[in-house]
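Notes follow the structure.
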Amino acid sequence: MAVTYVLVHGAWHSGQAWAKVVPGLGASGRPVFTPTLTGYGETRHLLGPATGLGTHTADVVRLLVEEDLHDVVLVGHSYAGMVISAVANQVPERIARLVYLDAMVPVHGESALDVMPGARGMLGDGWRVPPPPEPFGLFGVSDPADVAWVRSMLSDQTVRCLDEPVAMDHPALAAIPRTHIHCTVAAPGIERRPVPALQPNGEPSDVRELASGHDCMIIVPHELTEMLLDLGEASSPVGAAR
């Protein structure tokens, strides 16, 4: 059975962020899902102070259950590293691989602010957290057409997304293989946690790099697609047995 890709966008973005990657993945014959998390993009009117990590986790779990998805390569970009961690904790039996795409990588009980303390500087007096000012808020995108597209996509997120802790205490979670994809063109002041030498399942850590700014699915979609196709092959029941 072939794997299924579920690509989860990061903060301020929407499922449309994956538009340049979907055709290449779909051409492989594998299903691809790019949900928009509640409160972003076309659902931005649903954003409220209670919208948070739990809301977004429920969005993705609902998709997996309603579509009856198994052997899922679950990709989380940026903030969505928190989301895919929580999703895998709830339905580990459906996940073939976790892919942290230039993403937050928490441990049990941490919030996004614990993983990236510098994000506290984005908090204001209210519950909304608007996209960062440019140029940082373009996330490495520089092509004029892409810049216009990104600007049209971005919307606020909530403080609750950043301060809600993640649950990662399911005994089966540690067995799920992980891959970390790092974008090497980092914005000034952004620090990434070192990846431990071993995954939670005891295997050597799988760390890959893309020569790109943070929004690699927009900047280098072909290179990211090829990397995800390779991971799909490695994560399929046949490929994993080789």
Side-chain angles (χ1 to χ4, degrees), residues 8-14 17 36-41 43-60 75-89 98-141 147 150-151 153-169 173 178 180-196 200 207 212-219:
V8 187
H9 65 84
W12 304 296
H13 291 62
S14 76
T36 291
L37 303 175
T38 297
Y40 298 110
T43 69
R44 66 184 68 189
H45 61 287
L46 300 176
L47 191 73
T51 306
L53 176 60
T55 312
H56 297 152
T57 301
D59 289 338
V60 180
V75 182
H77 178 241
S78 195
Y79 155 73
M82 304 292 298
V83 179
I84 66 171
S85 300
V87 169
N89 194 67
L98 292 172
V99 180
Y100 291 90
L101 179 58
D102 219 35
M104 298 181 179
V105 186
V107 297
H108 176 66
E110 285 190 318
S111 70
L113 292 176
D114 294 320
V115 178
M116 188 173 290
R120 294 184 183 276
M122 295 187 294
L123 304 184
D125 296 330
W127 58 268
R128 288 181 177 271
V129 182
E134 298 180 10
F136 179 80
L138 293 175
F139 308 100
V141 175
V147 165
V150 168
R151 285 173 174 158
M153 186 191 318
L154 299 180
S155 61
D156 293 352
Q157 69 165 358
T158 69
V159 172
R160 188 64 178 152
C161 293
L162 298 176
D163 67 10
E164 187 172 355
V166 65
M168 299 179 66
D169 54 355
L173 178 60
R178 298 182 175 193
H180 304 262
I181 301 176
H182 294 165
C183 296
T184 60
V185 184
I190 298 297
E191 295 186 6
R192 180 185 292 118
R193 280 182 172 176
V195 176
V207 181
S212 172
H214 188 53
D215 272 5
C216 55
M217 71 288 291
I218 297 171
I219 302 167

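Here the structure is a predicted model, which means the values were calculated and not measured. All heavy atoms count here, side chains included; hydrogens, waters and symmetry mates do not.
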Walk me through whether Gln157 and Thr51 qualify under side-chain contact (heavy atoms from CB on, under 4.5 Å).
CA-CA 8 Å; Gln157 69 165 358; Thr51 306; over 6 Å; no

Shortest non-hydrogen pair, Val166 vs Ala86, comes out as CG2-CB, 3.7 Å

Give a yes or no answer on whether the side chain of Thr57 reaches the backbone of Leu53 with a donor-acceptor pair at less than 3.5 Å.
yes

Please report the closest heavy-atom contact between Ala17 and Met217, naming both atoms and the distance.
O-CG, 3.0 Å

With heavy-atom distances below 4.5 Å as the criterion, would you say the side chains of Ile84 and Val60 are in contact?
no

Any Thr55 side-chain heavy atom under 4.5 Å of Arg160 side chain
no

Under the 3.5 angstrom rule, does the side chain of Trp12 hit a backbone N or O of Val129 as a donor-acceptor pair?
yes

Determine yes or no for a side-chain-to-main-chain donor-acceptor pair under 3.5 angstrom, with Arg178 supplying the side chain and Tyr100 the backbone.
no

What about the rings of Tyr79 and His13, do their centers lie closer together than 6.0 Å?
no

For residues Asp114 and Arg193, report the shortest heavy-atom separation together with the two atoms involved.
O-NH2, 3.6 Å

When you compare the side chain of Leu37 with that of Val8, does any pair of heavy atoms fall below 4.5 Å?
yes

Looking at Cys183 and Ser212, what are the two nearest heavy atoms and their distance?
CB-O, 3.2 Å

Is the shortest heavy-atom distance from the side chain of Asn89 to the side chain of Asp169 under 4.5 Å?
yes

Rounded to the nearest 0.5 Å, how far apart are CG of Leu101 and NE2 of His180?
12.0 Å

Just how far is it from atom CE of Met104 to atom OG of Ser111, taken to the nearest 0.5 Å?
9.0 Å

Which pair of heavy atoms, one from Pro106 and one from Met168, lies closest together, and at what distance?
O-SD, 3.5 Å

Using only atom types and a distance under 3.5 Å, with no angle test, would you say the side chain of Ser78 pairs donor to acceptor with the backbone of His9?
no

Which pair of heavy atoms, one from Leu154 and one from Arg44, lies closest together, and at what distance?
O-NH1, 3.7 Å

For the residue pair Glu134 and Arg151, establish whether any side-chain heavy-atom pair is separated by less than 4.5 Å.
yes

Is there a side-chain contact (heavy atoms from CB on, under 4.5 Å) between Val195 and Val105 once you walk through the steps?
CA-CA 9 Å; Val195 176; Val105 186; over 6 Å; no

Does the side-chain contact (heavy atoms from CB on, under 4.5 Å) test come out yes or no for Arg192 and Asp102, once each step is laid out?
CA-CA 9 Å; Arg192 180 185 292 118; Asp102 219 35; 2.5 Å; yes

Heavy-atom distance under 4.5 Å between the side chains of His108 and Leu173, does that happen here?
no

Parallel, tilted or perpendicular, as decided by the 30° and 60° cut-offs, for the rings of Phe139 and His214
tilted

Do the non-hydrogen side-chain atoms of Leu113 and Leu123 ever get within less than 4.5 Å of each other?
yes

Report yes if some heavy atom in the side chain of Pro131 is under 4.5 Å from a heavy atom in the side chain of Asp156; otherwise report no.
yes

Between atom SG of Cys216 and atom NE2 of His77, what is the distance when rounded to the nearest 0.5 Å?
5.0 Å

